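Please read through the structure below; I'll follow up with questions.
This is a predicted model, so every value here is computed, not measured. Just so it is clear, the values below take in all heavy atoms, side chains as well, and ignore hydrogens, waters and symmetry mates. Order of listing sets the numbers, starting from 1, for every ligand and every atom in it.
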Amino acid sequence: MPLVSLIDMYKPANEQAYAIGAFNVNNMEFIQSALEAAEEKKSPIILSASTSALEYGSFFYLVDLVKTGAAKVSVPVALNLDHGASIEEAEKCINAGFTAVMIDASHEDFEENIRMTAEVVKMAKPKNICVEAELGRLGGIEDDVNVDEKDAFLTDPAQAEDFVKRSGCNALAVAVGTSHGAYKFKSEAKLAMSRIAYIKMSTGITLVLHGASGVDPEVVAKAIKYGAELPGAKGVPDEAYREAISLGVNKINIDTDLRLAWVASVREILANSPKVFDPRKILGPARDEVKKVIMNKMDIIGSAGKA
Ligand code: G3H
Ligand code: 13P
Ligand code: ZN
């Protein structure tokens with residue numbers, strides 16, 4: 001079916017307390033993994049394209065691949081700009097048919113973050129396109145950081161209320177202890193769960209968990225076995241998704257887990273089959289591994305069977 005507005009996909013997710021996975025895609029194989037997983041799991045899905053994905057994939061190749069793939073499946077698919085860096089980039093995506101855009105001005109000061117987000121909302125609203133903003137700074141909650149320092153980068157519920165009212169955004173990415181990549185926690189995984197509940201209470205809008213990859217130890221071990229160097233890789237445990245969702249998170253962003261599954265598979269094939277030089281025999285099995293990861297996430301976050 002044609003791409004669906006993420007605003008419309010969030011409604012049932014919010015009412016029924018499940019999350020929709022936003023999976024980063026950079027090329028045809030990852031788009032296929034994601035859409036096949038969604039179709040088989042009867043799950044809504046968000047395909048996310050970052051600024052660098054749109055550069056790498058070349059804007060219209062990637063966008064057209066997503067639209068072509070979405071048209072062939074029966075489940076709702078949203079195309080989302082991930083960490084949009086400027087108003088101009090968001091505008092380009094809005095005009096190209098994205099059904100969700102994130103404007104990430106979290107590195108700017110509070111007033112500038114509101115101004116940039118509100119500008120994007122002005123363009124997106126007439127088209128029913130979802131706008132996600134970010135408040136706070138993503139980063140692990142380490143034991144050697146004192147309470148004041150932690151508070152300085154985690155999302156503040158009162159500030160979030162003001163931000164949402166004045167910017168008009170539809171969804172908010174919150175900083176509650178997660179971070180991007182494969183190294184999220186030095187020791188035990190820690191998330192500021194009660195903060196999610198307070199932010200939900202103060203804003204009432206859809207909350208988004210970035211940096212949510214689980215960094216499966218088995219996948220990491222397989223990648224390492226075949227030559228990868230990933231010392232100390234650690235991610236968000238499955239139980240943390242469930243708790244975060246029960247407190248108000250309806251979008252879970254996953255990129256690293258797909259990359260790890262892909263690299264473990266490619267390394268295994270290259271190591272075990274030195275005579276193989278047909279790319280399809282390397283990329284095909286990796287595509288299947290990425291698909292398995294996505295299907296598993298859909299079960300955990302409760303979106304399976306919701307389409
Ligand atoms: O949030 C960041 C995503 O993992 C995208 O990463 O900018 O390397 O495409 P990227
Ligand atoms: P991970 O690096 O944990 O997969 O996070 C991805 C993300 O937040 C994309 O916006
Ligand atoms: Zn992110």
Fill in the blank from the handout: For H210, the atoms of ligand 2 under 4.0 Å from one of its heavy atoms are 8 (O), 10 (O)
Handout entry: Proximity to ligand 2 by part of A212, non-hydrogen separation under 4.0 Å
Key = backbone
Practice task
Please confirm whether the backbone N or O of A175 pairs with a side-chain atom of T155, one donor and one acceptor, at under 3.5 Å?
Solution key: yes
Handout entry: Polar contact flag for H180 and ligand 1 (N/O pairs, less than 3.5 Å)
Key = yes
Problem - N or O contact, S50 vs ligand 1, cut-off under 3.5 Å - result: yes
Practice task
Enumerate the atoms of ligand 2 whose separation from the nearest heavy atom of I254 is less than 4.0 angstrom.
Solution key: 4 (O)
Problem - Any donor-acceptor N/O pair, D257 side chain to V215 backbone, under 3.5 Å - result: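 Yes.
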Practice task
Give the contacting part of N24 toward ligand 1: side chain, backbone, both or neither, where contact means a heavy-atom distance below 4.0 Å.
Solution key: side chain
Exercise for the section: Calculate the angle formed at the Zn ion (ligand 3) by NE2 in H180 and NE2 in H83; 10° precision is enough. Expected result: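 Computed angle, vertex at the Zn ion (ligand 3), rounded to 10 degrees: 100°.
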Completion exercise
In H210, the N/O/S atom nearest the Zn ion (ligand 3) carries the name ND1
Handout entry: Shortest non-hydrogen contact between L54 and C93, atoms and distance
Key =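 Reported closest heavy-atom pair: CD1-SG, 4.2 Å.
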Practice task
May I ask whether K184 has any heavy atom positioned less than 4.0 angstrom from an atom of ligand 2?
Solution key: yes
Problem - side chain to side chain contact (heavy atoms under 4.5 Å, CB included) assessment of H210 paired with D82 - result: CA-CA 10 Å; H210 280 248; D82 191 29; 3.6 Å; yes
Exercise for the section: Give a yes/no verdict on whether any heavy atom in M102 is under 4.0 Å from an atom of ligand 1. Expected result: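 No, M102 has no heavy atom closer than 4.0 Å to ligand 1.
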Exercise for the section: Quick one: look at N24 and ligand 2, take heavy-atom pairs under 4.0 Å, and tell me if it's side chain, backbone, both or neither. Expected result: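 It is the side chain that touches ligand 2; the backbone stays farther off.
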Practice task
Provide the number and element of each atom of ligand 1 under 4.0 Å from a heavy atom of D255.
Solution key: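 Once the distances to D255 are compared, the set is 3 (C), 4 (O), 5 (C), 6 (O).
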Exercise for the section: Rounded to the nearest 0.5 Å, what's the gap from OG1 on T51 to CE on M102? Could you check? Expected result: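 That separation rounds to 10.0 Å.
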Practice task
For ligand 1, indicate whether the residue H83 contacts it via side chain, backbone, both or neither (heavy-atom separation under 4.0 Å).
Solution key: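 For H83, only side-chain atoms sit under 4.0 Å from ligand 1.
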Practice task
Report the C-alpha distance between K251 and E132 in whole Å, list the side-chain angles of each, state the deciding distance to 0.1 Å, and finish with yes or no for salt bridge (charged side-chain N to carboxylate O under 4.0 Å, His left out).
Solution key: CA-CA 11 Å; K251 175 169 173 268; E132 177 182 327; 2.7 Å; yes
Problem - Closest approach of any protein heavy atom to atom 7 (C) of ligand 2, naming residue and atom - result: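 Here the closest protein heavy atom is H180 CD2, 3.3 Å.
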Exercise for the section: Give the minimum heavy-atom separation between L35 and L47, together with the two atoms involved. Expected result: CD2-CD1, 4.1 Å
Practice task
If you have a sec, work out which protein heavy atom is nearest atom 2 (O) of ligand 2 and how many Å separate them, to one decimal?
Solution key: T256 OG1, 2.6 Å
Practice task
Locate the shortest heavy-atom distance separating S303 from Y18; write the atom from each residue and the value.
Solution key: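 Taking every non-hydrogen atom into account, CA-CD1, 3.9 Å.
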Practice task
Look up atom CG in L3 and atom CG in L79, then write down how far apart they are to the nearest 0.5 Å.
Solution key: 5.5 Å
Practice task
Decide yes or no on side-chain hydrogen bond (donor to acceptor under 3.5 Å, both in side chains) for S48 and N80, but give the supporting numbers first.
Solution key: CA-CA 5 Å; S48 274; N80 172 55; 2.9 Å; yes
Handout entry: Within reach of ligand 1, part of R259 (heavy-atom separation under 4.0 Å)
Key = side chain
Practice task
Answer with side chain, backbone, both or neither: which part of T256 has a heavy atom less than 4.0 angstrom from an atom of ligand 1?
Solution key: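 It is neither part, as no heavy atom is under 4.0 Å.
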Problem - Atoms of ligand 2 close to G181 [distance to a heavy atom under 4.0 angstrom, numbered from 1] - result: 2 (O)
Problem - Top protein contact for atom 10 (O) of ligand 2, by heavy-atom distance - result: D82 OD2, 2.7 Å
Practice task
Check ligand 1 against S52 and write out every atom of the ligand that is under 4.0 Å from a heavy-atom position of the residue.
Solution key: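 Within the 4.0 Å cut-off of S52, ligand 1 contributes 7 (O), 8 (O), 9 (O), 10 (P).
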Exercise for the section: Look up atom CD1 in I114 and atom CZ in F110, then write down how far apart they are to the nearest 0.5 Å. Expected result: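 Spacing of CD1 (I114) from CZ (F110) equals 4.0 Å.
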Handout entry: Sidechain-backbone polar pair: S86 side chain, E89 backbone, donor-acceptor under 3.5 Å
Key = yes
Exercise for the section: List every atom of ligand 2 that sits less than 4.0 Å from any heavy atom of H83, numbering the atoms from 1 in the order shown and giving each element. Expected result: 10 (O)
Practice task
Please say whether the positively charged group of K297, taken as NZ for Lys or CZ for Arg, lies over the ring of F23, i.e. under 6.0 angstrom from the six-membered ring centre and within 45 degrees of the axis.
Solution key: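 The answer is no; the distance or angle limit is not met.
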Practice task
Considering only non-hydrogen protein atoms, determine which one is nearest to atom 8 (O) of ligand 2 and report residue, atom name and distance to 0.1 Å.
Solution key: G211 N, 2.8 Å
